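Nothing here was measured: the structure is a model prediction, and the numbers come from that model. Every heavy atom of this structure was used, including side-chain atoms; hydrogens, water molecules and symmetry mates were not.
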Amino acid sequence: MTRSEQLLQLHEKCNAECECKLKETATRPVFGDGNPDTKIVFIGEAPGKKEDETGVPFVGAAGKFLAEMLASIGMKREDIYITNIVKYRPPNNRDPEEHEKKECAAWLHEELGFIKPDVIIFLGRHSMTHFLPELKISEAHGKLVHRKIPNFPTEWFFPLYHPAAALYNGGMRETLMMDFKKIPKVLEKIQESKK
Ligand code: URA
């Protein structure tokens with residue numbers, strides 16, 4: 001079995017086991033997408049309308065913006081893996097509730113345990129505060145965090161504003177684009193730390 005096939009099997013198992021009630025209102029689950037051999041994982045919030053229709057994360061307006069930012073640093077979606085903390089669309093795109101994040105977290109942790117990324121890039125506060133609850137996105141964005149979490153494969157975390165929040169807010173958009181441009185240096189620093 002290829003790594004992609006193994007990952008698909010993992011998603012199907014986690015979807016069957018997940019007890020999140022959003023399952024009842026969503027059209028379908030949205031599995032993580034991208035390169036299972038990457039060292040870079042992006043974690044967003046929850047699927048929106050387009051994602052719920054297609055089953056693929058970040059394919060709507062926020063996803064297009066994300067693809068533009070990836071291109072600005074010479075990367076493509078196929079170079080990374082992208083997923084959400086919550087795997088089912090909340091009704092009318094409302095914020096996911098704490099219990100919904102907790103119910104989907106076992107799935108997220110299984111995905112991350114399979115990929116074992118060197119760095120996790122948070123898109124917005126919902127995924128960031130799941131791992132680093134003491135941080136505020138307004139202060140933490142664009143700053144690399146080193147943290148050892150027991151039984152967790154990743155030690156490096158890089159929080160960013162969520163592209164959907166930044167899309168129509170000029171100041172936040174500029175900040176997100178500037179923070180995004182730091183990613184190549186962040187990756188270099190992580191590689192250096194492994195030597
Ligand atoms: N916003 C997210 O956080 N995730 C998606 O998949 C789409 C939009």
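In this structure, Glu111 and Ile43 have side chains that are not in contact, with every pair of non-hydrogen atoms separated by 4.5 Å or more. Here the side chains of Phe114 and Arg3 are in contact, with some heavy-atom distance below 4.5 Å. Looking at heavy atoms from C-beta onward, Asn93 lies in side-chain contact with Arg89 at the 4.5 angstrom threshold. At a threshold of 4.5 Å between non-hydrogen side-chain atoms, the residues His109 and His130 count as touching. Residues Leu187 and Lys39 fail the side-chain proximity criterion, which asks for heavy atoms closer than 4.5 Å. With a 4.5 Å cut-off on side-chain heavy atoms, Pro91 and Leu22 count as touching.
Between Phe152 and Phe157, the ring planes lie parallel to each other; the angle is under 30°, not in the 30° to 60° tilted range. Between Trp107 and His11, the two ring planes are tilted [angle within 30° to 60°].
Atom CG of residue Leu70 and atom CD1 of residue Ile82 lie 7.5 Å apart, to the nearest 0.5 angstrom. With values rounded to the nearest 0.5 angstrom, Phe131 atom CZ is found 8.0 Å from Thr154 atom OG1. Atom CD1 in Ile85 sits 12.0 Å away from atom CD in Glu103 (nearest 0.5 Å). Taking CD from Glu45 and CZ from Arg125, the interatomic distance works out to 7.0 Å, rounded to the nearest 0.5 Å. Taking CE from Met128 and CG from Leu123, the interatomic distance works out to 12.0 Å, rounded to the nearest 0.5 Å. We find the SG-NE2 distance between Cys104 and His99 to be 10.5 Å, quoted to the nearest 0.5 Å.
Across Ala26 and Tyr88, no two heavy atoms sit closer than the pair CB-CB, 3.8 Å. Contact between Ile120 and Pro117 at its shortest, heavy atoms only, is CG1-CG, 4.0 Å. Of all the heavy atoms in Thr83 and Gly32, the pair that sits closest is OG1-CA, 3.5 Å. Across all their heavy atoms, Pro96 and Val86 have their closest contact at CB-CG2, 3.7 Å. Closest of all the heavy-atom pairs between Leu135 and Ala140 is CD1-CB, 3.9 Å. Counting all heavy atoms, side chain and backbone alike, Pro36 lies closest to Leu7 at CB-CD2, 4.0 Å.
Both Leu167 and Phe58 are assigned to one and the same hydrophobic cluster, defined by single-linkage of ILVMFWY side chains at heavy-atom distances under 4.5 Å. Transitive grouping of hydrophobic side chains (ILVMFWY, heavy atoms separated by less than 4.5 Å) brings Ile73 and Phe65 into a common cluster. Under the 4.5 Å side-chain heavy-atom criterion for grouping Ile, Leu, Val, Met, Phe, Trp and Tyr, Val30 is not connected to Leu10 through any hydrophobic cluster. Cluster membership for Tyr168 and Met69, using ILVMFWY side-chain heavy atoms within less than 4.5 angstrom, is shared. Residues Val56 and Phe42 fall into different hydrophobic clusters, defined by Ile, Leu, Val, Met, Phe, Trp and Tyr side chains chained together at heavy-atom separations under 4.5 Å.
Ion pairing between a basic and an acidic side chain is recognised when a charged N comes within 4.0 Å of a carboxylate O; Lys195 and Glu192 show such pairing. Using a cut-off of 4.0 Å between Lys/Arg side-chain N and Asp/Glu carboxylate O, Glu68 and Lys64 are scored as not salt-bridged. Using a 4.0 Å cut-off between charged nitrogen and carboxylate oxygen, Asp52 and Lys49 do not count as a salt-bridge pair. Between Glu97 and Lys21, none of the side-chain N atoms (NZ, or NE/NH1/NH2) sits under 4.0 Å from a carboxylate O, so this pair counts as no salt bridge. Salt bridge present: Arg147 and Glu134 bring a charged side-chain N and a carboxylate O closer than 4.0 Å.
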(request) Verify side-chain contact (heavy atoms from CB on, under 4.5 Å) between Leu144 and Trp156, making sure each step is shown before the conclusion. (result) CA-CA 7 Å; Leu144 184 62; Trp156 295 96; 3.5 Å; yes
(request) Please lay out, stage by stage, how Lys50 and Glu53 fare under the test side-chain contact (heavy atoms from CB on, under 4.5 Å). (result) CA-CA 5 Å; Lys50 269 260 154 61; Glu53 280 166 13; 4.2 Å; yes
(request) Quick one: do Leu108 and Lys101 satisfy side-chain contact (heavy atoms from CB on, under 4.5 Å)? Show the steps, please. (result) CA-CA 10 Å; Leu108 177 65; Lys101 288 193 259 177; over 6 Å; no
(request) Tell me, with the steps shown, if Thr129 and Phe122 meet side-chain contact (heavy atoms from CB on, under 4.5 Å). (result) CA-CA 9 Å; Thr129 54; Phe122 300 121; over 6 Å; no
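Applying the ring-ring contact (aromatic ring centres under 6.0 Å, His included) criterion to Phe158, with sequence neighbours excluded, gives no partner residue. With sequence neighbours excluded, the residues forming a salt bridge (Lys or Arg N to Asp or Glu O under 4.0 Å) with Glu17 are Lys13, listed by chain and number. In this structure, Lys143 has no side chain to side chain contact (heavy atoms under 4.5 Å, CB included) partners at least two apart in sequence or on a different chain.
The closest donor-acceptor contact from the side chain of Glu51 to the backbone of Val59 lies under 3.5 Å. The closest donor-acceptor contact from the side chain of Asn35 to the backbone of Glu78 lies under 3.5 Å. Counting only distance, with no hydrogens or angles, the side chain of Glu5 and the backbone of Thr2 share a donor-acceptor pair below 3.5 Å. Listed for the Lys23 side chain is a donor-acceptor partner under 3.5 Å among the backbone atoms of Asn15.
More than 12 heavy-atom neighbours from other residues, nucleotides or ligands sit within 6.0 angstrom of CG on Asp37.
Annotation: cation-pi pair Arg173/Tyr161 absent, no NZ/CZ under 6.0 Å from the ring centroid and within 45° of its normal.
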